[in-house]
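The structure appears right after this line, and notes come after that.
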Amino acid sequence: MAGERKKPASVAQNKLVAGFLLLIALVIVIWFISPRASFMVGAGLTGIAWLVLCLKRPLWSFNVLLFMFLTIYTRVKLGIIEIEGPGNRGAVALCDILWLTMLIIWSARDFVVQSEFRLRIPVGKQPLSLWIMLPFVFLATVLPIAGIFLDAWPVSYAIPGLRQVQWASFAILAYSLVCSFGPERVLRGIVSTVAIATFTHTIYAIIQLGYSIGWLSRTWVILDDLFSKHNVSSWFYYPRLTGLLVNPNSYGLYGAFALVIALAIIFVKAERKHVVLSWIILICSGFALVFSASRSALLGLGVSIMMIICASFLSPRLMNRIFKVGIPVVITFFVLLKVMSPIVPVILQERLLRFIQVFSQGASADINAITRVDMWSDLWRIYVTKYPFGTWVPVSYATGSAVDSFYVNTAVQGTPVFTFTWLCFLYGAAALGWRSYQWGTVPLEAAIGLTLFGWSGMMAGSGLTLSPMLEPQLIVPFMALIGALLGCQYERRLLSCS
């Protein structure tokens with residue numbers, strides 16, 4: 001049981017840190033001798049270090065991988081494979097290789113080392129919310145694969161289906177960690193990782209802001225130039241910022257997700273150190289929302305907050321915290337917005353103003369809104385006339401057109417039935433989160449439960465005008481929280497039976 005687990009000795013952790021510092025020092029020494037050799041040696045030693053970390057410290061390796069998916073998944077690639085389809089397809093991401101090696105090593109741990117940790121799949125008695133989520137995962141996996149056999153689409157079009165297996169694996173990984181190390185350590189690691197990732201995004205976003213307003217030279221944003229040079233499509237629209245992501249909408253969505261987890265931690269009266277982390281996340285995520293100028297992120301955040309407010313009528317405890325803490329948070333946000341207003345470019349202020357006008361005047365108030373509505377109408381006509389049973393493969397692959405709505409995306413790909421299964425998936429995730437908030441045995445479990453509840457609303461709201469379920473930096477933590485909370489419920493069942 002969780003209460004009987006022993007924490008790793010601090011001496012072992014210090015040795016691990018010392019080992020990594022020595023590795024870095026070795027690479028630096030070799031670089032002075034031969035930069036090219038240092039790259040090869042550094043890559044080899046880093047690979048070996050990753051294998052050792054996965055084998056000896058599963059929890060550390062999971063948090064490292066989570067951090068990389070939250071920050072550099074799209075940017076860091078090992079190469080490009082020429083395949084069919086639009087956009088930057090065919091890239092071999094470093095994170096995918098690290099994920100695969102970790103999965104293999106974790107699967108083989110029982111044969112290599114003796115330890116309490118092993119991969120576990122949620123089986124047996126599971127909450128109804130899990131079974132409600134499974135149909136969408138099944139269809140999202142099977143439809144693209146079936147499409148290449150039944151409609152003769154290119155084989156590479158099945159890759160998005162295989163991606164669903166990858167995303168779902170993060171639920172299994174997090175579930176296994178909770179069952180082995182206990183809820184507190186795993187959830188604390190996730191929160192700390194999100195805080196570090198959010199702060200890292202903010203540092204680079206500030207650099208982008210400095211360049212966009214003329215304080216810094218072009219050299220400071222060389223990472224953006226490198227991405228634009230090596231990819232077919234890029235989305236750097238200064239002064240809109242992207243952080244370490246490559247699209248301002250992606251950065252805005254990430255900021256909204258991070259803001260929800262910060263609010264959830266504050267609302268549940270978690271430990272002081274976690275509250276400090278939450279305020280760091282809150283400030284950094286507010287910065288992301290303002291300077292990404294993503295209207296879809298604001299829409300998703302609005303739906304998320306409305307869901308939490310409505311749910312508070314069922315929980316006097318939550319209602320009390322919203323009145324006690326929520327109002328000061330809102331006041332703080334607007335004060336910070338007022339302080340930052342002199343450096344917020346006019347174009348961003350106008351963009352956010354048009355977002356308000358769309359609600360009061362309709363889609364005609366914004367050219368982007370009109371364009372999207374027209375695009376959705378065209379896609380619906382294509383669905384009705386050409387693909388009455390759905391495209392099966394992703395719509396953008398089949399039509400060559402961007403979709404910018406996960407509702408339209410799922411409806412055209414797998415008929416409205418697929419859309420319904422997606423909404424059921426979100427409902428199941430929200431139900432799991434709310435149950436964990438109400439019955440969590442530790443404050444962080446309640447906070448993460450409320451986070452998942454709010455994130456489900458985020459997915460539903462921002463899915464109207466974007467496809468957040470296709471964003472690795474969003475879907476990976478989303479699945480990880482699902483698995484972690486399933487593990488928490490498993491732990492509670494063990495405690496109740498003891």
Side-chain angles (χ1 to χ4, degrees), residues 2 122 126-133 171 174-175 178 182-192 194-195 256-275 277-279 281-282 285 300-326 329 424-461 474 477-496:
Q126 295 295 334
L128 178 62
S129 54
L130 174 62
W131 304 109
I132 293 175
M133 290 185 276
Y175 176 84
V178 170
E184 184 70 25
R185 290 179 62 193
V186 177
L187 298 181
R188 184 172 65 241
I190 292 175
V191 171
S192 299
V194 171
F257 266 62
L259 191 145
V260 171
I261 194 172
L263 291 177
I265 294 172
I266 294 172
F267 286 160
V268 300
K269 298 177 66 174
E271 295 179 20
R272 182 178 180 83
K273 58 185 177 181
H274 298 141
V275 173
L277 283 178
S278 69
W279 278 99
I281 297 173
L282 191 69
S285 58
L301 180 63
V303 173
S304 176
I305 291 176
M306 287 302 300
M307 279 183 57
I308 293 175
I309 291 175
C310 290
S312 69
F313 288 99
L314 303 176
S315 172
R317 175 184 56 163
L318 180 58
M319 176 71 77
N320 179 57
R321 291 297 293 172
I322 288 177
F323 276 108
K324 189 174 181 179
V325 180
V329 167
C424 288
F425 172 85
L426 295 182
Y427 175 80
L432 174 64
W434 184 249
R435 180 180 177 86
S436 296
Y437 170 73
Q438 290 183 306
W439 299 100
T441 55
V442 295
L444 265 187
E445 182 185 350
I448 295 301
L450 190 60
T451 297
L452 184 61
F453 180 80
W455 279 7
S456 301
M458 270 287 307
M459 289 289 192
L474 304 182
F478 191 88
M479 287 296 192
L481 291 200
I482 289 174
L485 293 180
L486 287 173
C488 291
Q489 294 199 10
Y490 172 78
E491 290 290 293
R492 283 203 301 275
R493 288 200 300 271
L494 288 182
L495 289 172
S496 64

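Atom set for the values below is all heavy atoms of this structure, side chains included, hydrogens, waters and symmetry mates excluded. Since the structure is predicted, the reported quantities are computational estimates derived from the model, not experimental observations.
No donor-acceptor distance shorter than 3.5 angstrom exists from the side chain of Arg321 to the backbone of Val268, with no hydrogens or angles considered.
Annotation for Gly454 and Ser304: closest pair O-OG, 2.8 Å, computed over non-hydrogen atoms. Gly461 and Val303 make their closest contact through CA-CG2, 3.7 Å (heavy atoms, listed as atom of the first residue, atom of the second, distance). Listed here is the closest heavy atom pair of Ala484 and Leu187: CB-CD2, 3.9 Å. Scanning all heavy atoms of the two residues, the minimum distance from Ala311 to Trp434 falls at O-CH2, 3.5 Å. Considering every non-hydrogen atom in both Leu259 and Leu301, the closest pair reads CD2-CD1, 3.9 Å. Listed here is the closest heavy atom pair of Phe425 and Ile482: CZ-CD1, 4.0 Å.
A distance of 12.5 Å separates CD in Glu445 from CG in Leu450, rounded to the nearest 0.5 Å. Distance check: Arg435 CZ to Leu485 CG gives 11.5 Å after rounding to the nearest 0.5 Å. Put simply, CG on Leu444 and CD1 on Ile265 are 6.5 Å apart, with the number rounded to the nearest 0.5 Å. Rounding to the nearest 0.5 Å places CG of Leu452 at 10.5 Å from CD1 of Ile261. To the nearest 0.5 Å, atoms CZ (Phe453) and CG (Leu481) are separated by 14.5 Å. Taken to the nearest 0.5 Å, the CG atom of Leu426 stands 5.5 Å off from the CZ atom of Phe478.
Residues Gln489 and Tyr175 form no side-chain contact, since every pair of their non-hydrogen atoms from C-beta on lies 4.5 Å or further apart. Annotation: side chain of Ile308 is not in contact with side chain of Leu263 (no heavy-atom distance under 4.5 Å). Put simply, the side chain of Leu277 reaches to within 4.5 Å of the side chain of Val191, judged on heavy atoms. Within the 4.5 Å cutoff, the side chain of Leu486 has heavy atoms near those of the Pro127 side chain.
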Given Ile266 and Trp279, is the side chain to side chain contact (heavy atoms under 4.5 Å, CB included) satisfied, shown in steps? CA-CA 8 Å; Ile266 294 172; Trp279 278 99; 3.8 Å; yes

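For the side-chain hydrogen bond (donor to acceptor under 3.5 Å, both in side chains) condition, no pair includes a residue of residues 448-458, sequence neighbours left out. Residue pairs that meet the side-chain hydrogen bond (donor to acceptor under 3.5 Å, both in side chains) test with at least one member in residues 307-318, sequence neighbours left out, are Arg317-Tyr437.
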